[in-house]
Participant: 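Provided herewith is a single structure, encoded as structure tokens, for subsequent inquiry.
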Amino acid sequence: MSDIAKDKAARLLKKRGSVSSLSSHEVRAKEILGKNKDSMSTVSYVDEPGHDIPRLAVQLENTYQLGPAKRFPVVTVNNILKDVLTNYLQEEKYEAELCRQMTKTISEVIKARVKDLMIPRYKIIVIVHIGQLNEQSMRIGSRCIWDPASDTFSSYAFKNTSLFALANVYAVYFE
């Protein structure tokens with residue numbers, strides 16, 4: 001490739017935010033000499049067309065395990081839900097913006113604590129609702145398709161003087 005074509009390709013790729021590997025040696029030389037102080041990313045020769053290296057595909061064998069070896073511990077998860085909701089919301093007053101952030105935080109904490117139980121092959125879904133307690137009623141429903149022999153859920157409702165919270169954990173077995 002001629003020097004003019006290399007420079008043109010380098011300028012075009014520089015506008016896009018990367019430098020081709022054909023000119024990466026020249027870029028590094030300029031950086032070492034101090035002529036070019038901009039940080040640029042480079043692409044390796046392997047990523048260019050014509051340098052195809054066959055990659056080994058990892059093949060996993062089937063486990064033929066159709067059911068869980070151990071059931072999901074619903075009682076333990078109920079205790080986690082009760083503990084987290086009580087600790088985070090016991091003294092809190094309802095504020096819309098604060099509760100929006102608290103739902104995210106509480107759901108992440110619950111998900112982390114349930115994953116710490118190291119229950120294999122279960123997908124964990126956590127949903128937390130927080131609302132103002134103000135002489136109103138609310139119905140929360142959920143639907144999903146699952147296998148009642150292996151999939152399950154856990155739920156806990158919390159109330160204090162100004163807010164209510166409902167936390168649901170769904171455990172779906174991954175075959």
Side-chain angles (χ1 to χ4, degrees), residues 13-19 31 36-44 46-47 55-175:
L13 290 171
K14 186 176 178 181
K15 287 181 184 177
R16 292 184 191 160
S18 66
V19 176
E31 287 177 354
N36 189 359
K37 295 182 181 176
D38 297 332
S39 68
M40 293 183 203
S41 63
T42 59
V43 180
S44 70
V46 176
D47 293 334
R55 296 184 183 180
L56 298 175
V58 177
Q59 291 199 354
L60 302 175
E61 294 191 25
N62 295 332
T63 62
Y64 300 107
Q65 183 178 355
L66 298 178
K70 171 175 112 168
R71 290 282 296 167
F72 189 79
V74 175
V75 175
T76 306
V77 174
N78 275 339
N79 292 335
I80 290 171
L81 292 175
K82 181 179 179 181
D83 182 45
V84 171
L85 287 177
T86 305
N87 287 339
Y88 275 84
L89 299 174
Q90 186 69 41
E91 301 296 323
E92 292 294 327
K93 299 288 184 203
Y94 181 80
E95 294 176 25
E97 192 61 40
L98 175 67
C99 289
R100 180 182 300 158
Q101 293 300 321
M102 289 299 284
T103 56
K104 294 175 186 176
T105 304
I106 290 171
S107 64
E108 291 296 322
V109 169
I110 290 171
K111 188 173 186 179
R113 292 216 19 212
V114 171
K115 284 192 173 197
D116 285 344
L117 297 175
M118 304 287 276
I119 305 156
R121 301 182 76 151
Y122 272 98
K123 300 285 183 182
I124 307 298
I125 300 140
V126 179
I127 300 173
V128 176
H129 301 279
I130 298 177
Q132 186 175 13
L133 196 60
N134 193 19
E135 303 279 333
Q136 80 276 11
S137 66
M138 182 174 178
R139 291 188 182 212
I140 299 171
S142 61
R143 300 172 106 183
C144 43
I145 299 174
W146 66 13
D147 180 10
S150 58
D151 303 336
T152 188
F153 73 97
S154 182
S155 182
Y156 181 74
F158 172 83
K159 279 186 188 179
N160 70 9
T161 58
S162 70
L163 60 84
F164 70 90
L166 176 69
N168 293 325
V169 174
Y170 299 96
V172 181
Y173 184 71
F174 184 66
E175 292 180 346

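No hydrogens, no waters, no symmetry mates; every other heavy atom, side chains included, goes into these values. By convention here, the first residue in the shown sequence is residue 1.
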Participant: Do Tyr170 and Ser142 pair up side chain to side chain, a donor and an acceptor below 3.5 Å, judged on atom types alone?
Facilitator: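 Their side chains do contain a donor-acceptor pair, which is all the 3.5 Å distance test asks for.
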
Participant: Any donor-acceptor pair under 3.5 Å linking the side chain of Ser162 with the backbone of Tyr94?
Facilitator: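 Present.
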
Participant: Is it the case that the side chain of Arg121 and the backbone of Phe174 share a donor-acceptor pair, with hydrogens and angles ignored and the cut-off at 3.5 Å?
Facilitator: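 Judged by distance alone, yes, a pair lies under 3.5 Å.
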
Participant: Does a sphere of radius 6.0 Å around CD in Glu91 hold more than 12 heavy atoms from other residues, nucleotides or ligands, not counting ones at 6.0 Å or beyond?
Facilitator: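 It does not: Glu91 CD has 12 such atoms or fewer within range.
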
Participant: If we only count heavy atoms from C-beta on, is the Val77 to Ile110 side-chain gap below 4.5 Å?
Facilitator: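 Val77 vs Ile110: side chains apart.
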
Participant: Can you tell if the side chain of Leu163 reaches within under 4.5 Å of the side chain of Gln132, non-hydrogen atoms only?
Facilitator: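 They are not in contact (no side-chain heavy atoms under 4.5 Å apart), so the answer is no.
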
Participant: Has Lys159 got its NZ or CZ under 6.0 Å from the middle of the six-membered ring of Phe164, at an angle within 45 degrees of the ring axis?
Facilitator: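 No, cation not above the ring by the 6.0 Å, 45° rule.
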
Participant: Hey, are the side chains of Val169 and Ile124 touching, using non-hydrogen atoms and a 4.5 Å cut-off?
Facilitator: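 When only atoms from C-beta onward are counted, Ile124 and Val169 do touch, with a gap below 4.5 Å.
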
Participant: Just wondering, do Gln90 and Phe158 contact through their side chains at under 4.5 Å, heavy atoms?
Facilitator: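 Yes, at least one pair of side-chain atoms sits under 4.5 Å.
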
Participant: With heavy-atom distances below 4.5 Å as the criterion, would you say the side chains of Tyr122 and Lys115 are in contact?
Facilitator: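 Side chain of Tyr122 against side chain of Lys115, heavy atoms only: no contact under 4.5 Å found.
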
Participant: Please name the residue in the list Asn79, Asn87, Thr86 that meets the side-chain hydrogen bond (donor to acceptor under 3.5 Å, both in side chains) test with Asp83.
Facilitator: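 Option passing the side-chain hydrogen bond (donor to acceptor under 3.5 Å, both in side chains) with Asp83: Asn87.
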
Participant: Indicate yes or no: at least one non-hydrogen side-chain atom of Arg100 is less than 4.5 angstrom from one of Ile130.
Facilitator: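 Heavy-atom side-chain distance check fails, nothing below 4.5 Å.
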
Participant: Is there side-chain contact between Phe72 and Val114, with at least one heavy-atom pair below 4.5 Å?
Facilitator: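 SC-SC contact between Phe72 and Val114 confirmed.
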
Participant: What I want to find out is whether Lys111 reaches Glu108 closely enough, with some N-O distance under 4.0 Å, to be called a salt bridge.
Facilitator: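 Judged by the 4.0 Å cut-off on N to carboxylate O distance, Lys111 and Glu108 do not form a salt bridge.
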
Participant: I want to check something: taking the side chain as every heavy atom from C-beta on, are Leu98 and Glu92 in contact at a cut-off of under 4.5 Å?
Facilitator: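 SC-SC contact between Leu98 and Glu92 confirmed.
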
